[in-house]
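Residues: numbered from 1 along the sequence shown. Counting starts at 1 for both ligands and their atoms, in listed order.
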Amino acid sequence: MEIDNLNKTNFNKTIDNQEVSLFSLKNKNGFVCQITNYGARLVSFFVPVKDKAPIDVVLGYDSIDNYQKDDFYLGVIAGRYANRIANGKFSLEGKEYSLFVNNGPNSLHGGKKGFDKVVWKASPFFNEREEEALELSYLSMDGEEGFPGNLQVKVIYTLTNDNEIKIDYEAVTDAKTILNLTNHAYFNLNGAGEGAIKSHDLVLNADSFTPTDAGAIPTGKIQSVSNTPMDFRMAHKIGEHINEDYIELKQGIGYDHNWVLNKKNNELSWAATVYEASTGIELKAFTTEPGVQFYSGNYLNINNGKNSKSYPTRSGFCLEMQHFPDSPNHDNFPSTVLNPGEIYTQTTVYQFEVK
Ligand code: BGC
């Protein structure tokens with residue numbers, strides 16, 4: 001079955017004197033994952049289902065031109081600091097650093113030209129299990145977007161034969177800096193452009209979350225999810241507490257919060273499960289990170305998605321595995337400092353099954 005339905009020539013472009021293209025990985029079960037090295041973005045993920053065409057569960061665009069205009073961080077690797085830093089300011093060893101402010105008074109997802117808008121070096125390879133993988137690397141120069149240190153980053157996407165998108169991150173710096181990387185894919189288990197995600201069942205392996213101010217900056221408290229709409233320890237529909245006046249949810253216009261994952265150390269462990277009964281597609285997410293920003297696509301407003309599909313509000317959700325927002329300004333949060341000589345690592349896995 002032909003599932004590779006994007007016109008690859010729309011992805012071939014020279015940006016910043018570097019070649020951009022579209023890479024396809026497939027596994028032995030017929031799953032296909034597409035990635036571009038512009039922003040290290042996940043473009044599509046096709047899940048084979050019984051008696052029907054494979055379902056593409058990742059929101060994306062048909063061309064690099066559209067990716068260059070994207071304001072929604074579709075599929076990106078966000079960095080150097082995924083999520084928010086209050087007022088775009090943080091200090092290291094008594095020195096204050098200022099970042100570009102692009103989200104109200106705050107800095108979001110790396111600033112003006114974050115990792116989502118740069119061209120990564122790409123090399124496809126087979127791993128030791130003969131699975132298809134793509135290595136993406138990027139050297140972020142000292143002072144880029146206001147962050148200190150020359151930072152060498154490597155991200156490997158692997159499509160495993162267990163039907164997983166496995167994302168392995170590594171980074172080193174030559175000066176003390178801060179780092180928080182994540183993948184920002186929007187998923188829809190009905191298929192990209194096939195309605196809202198409110199009917200999906202969600203389970204989060206988290207007893208607590210980090211409440212925020214109106215600008216989505218954590219207050220610093222770690223609050224129990226008990227008796228709040230943030231309690232996804234048992235399966236609930238994503239839309240259960242999202243209503244027209246948002247009175248029940250109280251915070252913001254939908255979910256856009258960091259949950260504190262239940263874990264003892266930084267082992268790779270189960271973080272979330274999302275299931276859509278109408279397609280039978282289940283996504284299980286695992287990570288080494290301490291937190292997950294679960295975002296219910298509140299601000300989505302895209303009318304030029306793949307295959308001319310629209311992606312309106314709540315037509316995709318993100319499970320952004322990461323350190324907590326604004327960690328550099330909260331001593332009680334796990335540290336996001338990276339020192340010379342240390343190696344930043346992260347692994348996140350999105351595993352799919354059709355039930
Ligand atoms: C943020 C949202 C934002 C979205 C796209 C998420 O990580 O938490 O507030 O709208 O990214 O930028």
Quiz item: Quick check, are the ring centers of Phe45 and Phe352 under 6.0 angstrom apart?
Solution: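 They qualify: ring centres under 6.0 Å apart.
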
Quiz item: Centres of the Tyr311 and Tyr186 rings: under 6.0 Å?
Solution: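 For Tyr311 and Tyr186, the ring centres are not under 6.0 Å apart.
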
Quiz item: What residue pairs, at least two apart or across chains, pass salt bridge (Lys or Arg N to Asp or Glu O under 4.0 Å) with a residue in residues 58-79?
Solution: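 As it turns out, the salt bridge (Lys or Arg N to Asp or Glu O under 4.0 Å) pairs with a partner in residues 58-79, which skip direct neighbours, are Lys13-Asp65, Arg41-Asp70.
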
Quiz item: Applying a 4.0 Å heavy-atom criterion (strictly less than), which segment of Phe294 is in contact with ligand 1: side chain, backbone, both, or neither?
Solution: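 It is neither; nothing of Phe294 touches ligand 1.
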
Looking only at N/O atoms, are [X] and ligand 1 under 3.5 Å apart anywhere?
X      : result
Asp71  : no
Glu320 : yes
Asp256 : yes

Exercise. Grab the two heavy atoms, one from Leu189 and one from His200, that are nearest each other, plus how far apart they are.
Key: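 Leu189 and His200 have their closest heavy atoms at N-NE2, 3.0 Å.
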
Quiz prompt | Nearest-contact summary for atom 12 (O) of ligand 1 - protein heavy atom, Å | solution =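 Here the closest protein heavy atom is Tyr73 CD1, 3.2 Å.
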
Quiz item: Which of the atoms of ligand 1 are close to Tyr186, meaning less than 4.0 Å from one of its heavy atoms?
Solution: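 Counting from 1, the qualifying ligand atoms are 5 (C).
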
Self-check item: Ligand-residue contact atoms, ligand 1 with His109, heavy atoms, under 4.0 Å
Solution: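 Atoms satisfying the 4.0 Å criterion: 6 (C), 7 (O), 11 (O), 12 (O).
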
Quiz item: Do the ring planes of Tyr67 and Tyr61 sit parallel (below 30°), tilted (30 to 60°) or perpendicular (above 60°)?
Solution: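 Perpendicular: the ring planes of Tyr67 and Tyr61 meet at over 60°.
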
Quiz prompt | Residue of the set Asn262, Thr287, Thr273 for which side-chain hydrogen bond (donor to acceptor under 3.5 Å, both in side chains) holds with Asn205 | solution =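 Between Asn205 and the candidates, side-chain hydrogen bond (donor to acceptor under 3.5 Å, both in side chains) is satisfied uniquely by Asn262.
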
